[in-house]
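For reference, the structure is listed below as structure tokens.
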Amino acid sequence: MRRILKVTDANHGSQEQSNTDTTGLDDAPLTAYESSLPGFLGTIDNGISRIESLMLAAGVLLMAANTMSNVVGRFVFQSSIFFSEELNRILIILITFAGISYAARHGRHIRMSAIFDAMPPKLRKLMMIVISLVTAVFMFGLAWYALQYLLTQAGRGRVLPALQIPVWMPLVWVPVGFFMTGLQYLLTAVKNMIEKDIYLSTNVLEGYDDNEQEI
């Protein structure tokens with residue numbers, strides 16, 4: 001993680017930066033995530049981060065192990081694992097919906113920022129708060145509809161052909177992922193309300209590598 005002294009932009013002037021990641025950095029920090037939000041908000045933020053990390057790590061490792069085992073079984077023992085495809089589908093759902101929250105935390109979602117970047121700093125900060133709040137509302141709405149769909153599937157009593165587990169169980173990660181993403185955007189809005197800088201997420205400052213001066 002680099003310590004940024006100042007960001008200089010022809011359109012926006014100079015903006016003091018704190019010791020925080022910027023979007024221009026492609027590599028995620030190797031150290032454990034620690035929220036910069038105060039008090040109980042920081043506890044929530046850290047808790048979401050731990051859940052994301054656990055879900056992503058477990059999903060990727062299990063998918064790799066499942067795929068490798070299936071390949072070994074097919075070419076060495078001439079017998080595939082009968083539930084391998086279904087298990088990978090479940091893990092893809094897990095990784096996808098844990099990943100949207102993780103991407104929001106690290107400011108990695110695609111942004112259409114041409115108009116936003118042309119605004120003065122105060123207006124950009126206001127826009128970031130509005131964008132974060134509106135996105136949070138949409139994420140919570142999607143979580144609600146996903147939960148309703150989950151309950152509908154649970155009421156039908158269907159099971160997966162190979163694993164013989166209820167169809168609704170793998171779908172649990174969908175509302176969970178949307179809900180965690182909504183919380184992340186809500187915390188981003190709070191972060192921008194209490195800090196003077198502009199934050200794309202709770203721990204990522206707005207900025208680009210070509211504008212940074214390192215010390």
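Hydrogens, waters and symmetry mates play no part in the numbers below; they use all other heavy atoms, side chains included.
Evaluation of the side chain to side chain donor-acceptor pair (under 3.5 Å) rule for Thr43 yields no partner, not counting sequence neighbours. Annotation: ring pair (Phe, Tyr, Trp, His ring centres under 6.0 Å) contacts of Phe178 (sequence neighbours excluded): Phe97. Scored by the side chain to side chain contact (heavy atoms under 4.5 Å, CB included) test, Val159 finds Gln164 as partners (sequence neighbours excluded).
Glu206 places no side-chain N or O within 3.5 Å of a backbone atom of Ile198 that could act as its donor or acceptor partner. A donor-acceptor pair is defined here as one N or O able to donate and one able to accept, closer than 3.5 Å; such a pair exists between the side chain of Arg108 and the backbone of His106. Side chain of Asn66 to backbone of Ser84: a donor-acceptor contact under 3.5 angstrom is found. A distance-only check finds a donor-acceptor pair linking the side chain of Asn70 to the backbone of Ile81 [under 3.5 Å].
Nearest heavy atoms, Thr188 versus Ser132: CG2-OG, 3.5 Å. Considering all non-hydrogen atoms of both residues, Thr181 and Ala104 come closest at CG2-CB, 4.2 Å. Listed here is the closest heavy atom pair of Leu160 and Pro170: CD1-CG, 4.2 Å. Between Ile93 and Val174, the shortest heavy-atom distance links the atoms CG2-CG2, 3.9 Å. Between Leu171 and Gln153, the shortest heavy-atom contact is CD1-CG, 3.9 Å. Smallest separation of non-hydrogen atoms from Leu150 and Trp168: CD1-O, 2.9 Å.
The distance from atom CG of Leu200 to atom NZ of Lys191, rounded to the nearest 0.5 Å, is 12.5 Å. The line from CD1 of Ile48 to OG1 of Thr202 is 8.5 Å long, rounded to the nearest 0.5 Å. For the atom pair CG (Leu187) and OH (Tyr185), the distance works out to 12.5 Å, reported to the nearest 0.5 Å. Expressed to the nearest 0.5 Å, how far CG of Leu94 lies from CE of Met55 amounts to 4.5 Å. Taken from OG in Ser80 to CD in Glu85, the straight-line distance is 10.5 Å, to the nearest 0.5 Å. Interatomic distance, CE of Met112 versus CG of Asp117, reported as 12.0 Å (0.5 Å rounding).
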Legend entry - From CA spacing to verdict: side chain to side chain donor-acceptor pair (under 3.5 Å), Glu52, Ser101: CA-CA 7 Å; Glu52 290 169 357; Ser101 180; 2.2 Å; yes
Inset, instruction - Dump the intermediate steps for side chain to side chain contact (heavy atoms under 4.5 Å, CB included) on Arg124 and Phe116, then the final yes or no. - result: CA-CA 6 Å; Arg124 293 206 320 275; Phe116 178 86; 3.8 Å; yes
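With 3.5 Å as the limit, one finds no donor-acceptor pair spanning the side chains of Ser201 and Arg105. A donor and an acceptor atom, one from each side chain of Tyr199 and Glu195, are nowhere located under 3.5 Å apart.
Cluster membership check: Met128 shares its hydrophobic cluster with Ile115, using side-chain heavy-atom separations under 4.5 Å among Ile, Leu, Val, Met, Phe, Trp and Tyr. Hydrophobic clustering keeps Val71 apart from Phe82 (ILVMFWY residues linked when any side-chain heavy atoms are closer than 4.5 Å, directly or through intermediates). In the hydrophobic clustering of this structure, Ile131 does not group with Val137; members are Ile, Leu, Val, Met, Phe, Trp, Tyr whose side-chain heavy atoms approach within less than 4.5 Å, directly or through other members. Under the 4.5 Å side-chain contact rule for hydrophobic residues, Phe83 and Val167 share a cluster. Each of Trp173 and Leu54 belongs to its own hydrophobic cluster when Ile, Leu, Val, Met, Phe, Trp and Tyr are linked at side-chain heavy-atom distances under 4.5 angstrom.
Residue Met63 is tested with Asn88, Ile90, Leu87 for a side chain to side chain contact (heavy atoms under 4.5 Å, CB included); the sole match is Asn88.
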